[in-house]
Amino acid sequence: MEEVTFDPGLIQAIFKHIWTRRALEREKNEGNDGTECEVGTGTLKKTRTTSANSNALKLSCELLRIFITEAVQRSAMIAEAEGAGKIEGTHLERILPQLLLDF
């Protein structure tokens with residue numbers, strides 16, 4: 001049975017949103033300098049688009065699923081040790097430093 005994962009279309013939309021926002025910030029910070037910088041034959045840095053292939057999106061979805069599953073499991077262990085019936089934000093805050101180091 002295949003495990004439920006994130007929708008690749010959703011992850012792609014999130015990536016595109018971030019890429020667009022960063023490109024706009026870069027343009028704002030650089031001003032007009034560098035807009036005519038040539039990257040390849042017949043392309044300008046300003047008009048070049050960023051994209052991800054389907055395998056990269058599938059891998060990103062799987063990595064995100066594993067990361068969130070691990071975060072929930074570690075938070076549940078902390079909550080159980082404290083005798084809490086549900087996971088709270090403080091439990092997540094306590095496991096995040098080590099989780100980020102592990103990934």
Side-chain angles (χ1 to χ4, degrees):
M1 184 171 114
E2 188 176 323
E3 295 204 26
V4 177
T5 187
F6 291 96
D7 177 27
L10 173 65
I11 300 303
Q12 184 178 19
I14 292 170
F15 286 169
K16 279 187 174 185
H17 176 73
I18 291 170
W19 293 331
T20 303
R21 187 170 31 157
R22 286 189 179 167
L24 291 174
E25 288 174 3
R26 200 174 315 121
E27 281 182 22
K28 186 173 112 178
N29 291 339
E30 292 176 355
N32 289 333
D33 298 341
T35 55
E36 298 299 323
C37 176
E38 290 190 25
V39 175
T41 308
T43 61
L44 297 177
K45 186 176 182 179
K46 186 175 182 178
T47 59
R48 187 178 56 175
T49 60
T50 305
S51 63
N53 69 25
S54 63
N55 288 334
L57 287 172
K58 288 178 187 176
L59 185 62
S60 296
C61 291
E62 183 62 15
L63 183 63
L64 188 58
R65 184 191 67 79
I66 291 170
F67 183 83
I68 291 174
T69 301
E70 187 68 22
V72 169
Q73 289 175 350
R74 291 183 188 193
S75 297
M77 287 175 41
I78 297 292
E80 184 179 330
E82 292 180 352
K86 64 180 182 175
I87 298 171
E88 296 179 5
T90 56
H91 301 124
L92 185 62
E93 289 172 0
R94 289 177 54 193
I95 61 100
L96 270 179
Q98 187 63 45
L99 180 67
L100 291 172
L101 287 173
D102 290 345
F103 271 81

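Residue numbers count from 1 along this sequence. Any value given below was found using the heavy atoms of this structure, including those in side chains, with hydrogens, waters and symmetry copies removed.
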Measuring from [X]:[atom1] to [Y]:[atom2], what's the distance to the nearest 0.5 Å?
{"X": "Leu24", "Y": "Glu27", "atom1": "CG", "atom2": "CD", "value": "6.0 Å"}
{"X": "Ile11", "Y": "Leu64", "atom1": "CD1", "atom2": "CG", "value": "5.0 Å"}
{"X": "Leu96", "Y": "Ser75", "atom1": "CG", "atom2": "OG", "value": "7.0 Å"}
{"X": "Thr90", "Y": "Ile95", "atom1": "OG1", "atom2": "CD1", "value": "11.0 Å"}
{"X": "Leu10", "Y": "Phe15", "atom1": "CG", "atom2": "CZ", "value": "10.0 Å"}
{"X": "Leu63", "Y": "Phe6", "atom1": "CG", "atom2": "CZ", "value": "10.5 Å"}

For [X], check side-chain contact (heavy atoms from CB on, under 4.5 Å) against everything at least two apart and list the hits.
{"X": "Ala84", "result": "Ala79, His91"}
{"X": "Leu59", "result": "none"}
{"X": "Asn29", "result": "none"}
{"X": "Asn53", "result": "Asn55, Ala56"}

Holding to salt bridge (Lys or Arg N to Asp or Glu O under 4.0 Å), I want the full list of residues that pass it with [X], two or more places apart in sequence or in another chain.
{"X": "Glu80", "answer": "none"}
{"X": "Glu62", "answer": "Arg65"}
{"X": "Glu82", "answer": "Arg94"}

Test side chain to side chain donor-acceptor pair (under 3.5 Å) applied to Gln73 - qualifying residues, sequence neighbours left out: none
Kindly state each residue pair satisfying salt bridge (charged side-chain N to carboxylate O under 4.0 Å, His left out) with at least one member in residues 5-25, sequence neighbours excluded. none
Please step through side chain to side chain contact (heavy atoms under 4.5 Å, CB included) for the pair Phe103 and Leu99, ending with a clear verdict. CA-CA 6 Å; Phe103 271 81; Leu99 180 67; 3.7 Å; yes
Side-chain heavy atoms under 4.5 angstrom apart, residues restricted to Ile, Leu, Val, Met, Phe, Trp, Tyr: same cluster for Phe67 and Leu101? no
On a heavy-atom basis, the closest approach of Ile87 and Val72 is CD1-O, 3.6 Å
So which heavy atom on Cys61 is nearest to which on Pro8, and how close? SG-CA, 3.6 Å
With salt bridge (Lys or Arg N to Asp or Glu O under 4.0 Å) as the test, would you mind laying out the steps for Arg74 and Glu70 before giving the verdict? CA-CA 6 Å; Arg74 291 183 188 193; Glu70 187 68 22; 2.8 Å; yes
